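On a predicted model such as this, the values are computed, not experimentally measured, just so you know.
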Amino acid sequence: NAGVTQTPKFQVLKTGQSMTLQCAQDMNHEYMSWYRQDPGMGLRLIHYSVGAGITDQGEVPNGYNVSRSTTEDFPLRLLSAAPSQTSVYFCASSYSRYSHTEAFFGQGTRLTVV
Amino acid sequence: DAKTTQPTSMDCAEGRAANLPCNHSTISGNEYVYWYRQIHSQGPQYIIHGLKNNETNEMASLIITEDRKSSTLILPHATLRDTAVYYCITGGATNKLIFGTGTLLAVQP
């Protein structure tokens, strides 16, 4: 049981490049979410999913796309990277919307856009 | 914007209880209070949550006032490894957590 696994751990992109941040969980959780954390700030919600095939926008969705084709995976795509997207990205999963239990977080992807 | 207010930072002596306050005066009746912590830029770690009643687990205790407008997280015997940013979050769903800036707890030897 690996929990929530994020890859890569570190990434440097040039402005305008695209990339996909990977997130996988092996706990059969329905809920998955993506957050970003800028220096000195709390996490901000980008996109979330309540199950395979269902996604929705969070607080700061612009510049990011998501899809949820399987229960296990929830990739985050940066369409055209900008320096403002330099941040640490965290993926989280939890059991279901009706279960007020803990959310499990990955260890983060540290992204720098130059 | 986050719906909670927490002190920016607190100090606690090692071995003593750490009491972290949180104000959530606009909490609605079906919203829970969640506490997470983040140690040195790692992924946040769940601590405890509650609705109305006080809760206790192996990590901490959560005291919620009767009017539910504030709560206190208690770490009974703080250690150096408890140094972290502690986030108090209110909400109804664990997939849409709205984080504030939290409280930086520094446990001193």
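Smallest separation of non-hydrogen atoms from B:Y46 and A:E102: CG-CB, 3.0 Å.
Between A:F105 and B:Y36 there is a side-chain heavy-atom pair separated by less than 4.5 Å. The shortest distance between side-chain heavy atoms of B:Q38 and A:L43 falls below 4.5 Å.
No path of Ile, Leu, Val, Met, Phe, Trp and Tyr side chains, each step under 4.5 Å between heavy atoms, connects B:I27 with B:I89, placing them in separate hydrophobic clusters. Follow the hydrophobic side-chain contacts under 4.5 Å out from A:Y95 and you never reach B:I47; the two are in separate clusters. Taken together through direct or relayed side-chain contacts under 4.5 Å among Ile, Leu, Val, Met, Phe, Trp and Tyr, B:Y32 and B:L73 form parts of separate hydrophobic clusters. Clustering ILVMFWY residues whenever any of their side-chain heavy atoms sit less than 4.5 angstrom apart, transitively, puts A:L13 in the very cluster that holds A:L21. Taking hydrophobic clusters as Ile, Leu, Val, Met, Phe, Trp and Tyr residues chained together by side-chain heavy-atom distances below 4.5 Å, A:F74 shares a cluster with A:M19.
The contact between A:Q37 and chain B is made entirely by side chain atoms (from C-beta outward), counting heavy-atom distances below 4.5 Å. For a residue to count as touching a neighbouring chain, one of its non-hydrogen atoms must lie under 4.5 Å from one of that chain's; by this rule A:S93 does not touch chain B. Both the backbone and the side chain of B:L97 come within contact range of chain A, with heavy atoms under 4.5 Å apart. For a residue to count as touching a neighbouring chain, one of its non-hydrogen atoms must lie under 4.5 Å from one of that chain's; by this rule A:A92 does not touch chain B. With a threshold of 4.5 angstrom between heavy atoms, A:Y35 approaches chain B through side-chain atoms but not through N, CA, C or O. With a threshold of 4.5 angstrom between heavy atoms, A:L45 approaches chain B through side-chain atoms but not through N, CA, C or O.
When the candidates A:S49, A:S33, A:G42, A:C91 are compared by the number of heavy-atom contacts under 4.5 Å with chain B, A:G42 comes out ahead.
Under the side chain to side chain donor-acceptor pair (under 3.5 Å) criterion, no residue pair touches residues 11-22 of chain A, with sequence neighbours excluded.
Considering CE of A:M41 and OG1 of B:T101, their distance stands at 8.5 Å, rounded to 0.5 Å.
Using a 4.5 Å heavy-atom cut-off against chain B, the contacting residues of residues 106-114 of chain A are A:G106, A:Q107, A:R110.
Residue-environment remark: CZ (A:R77) exceeds the threshold of 12 foreign heavy atoms within 6.0 Å.
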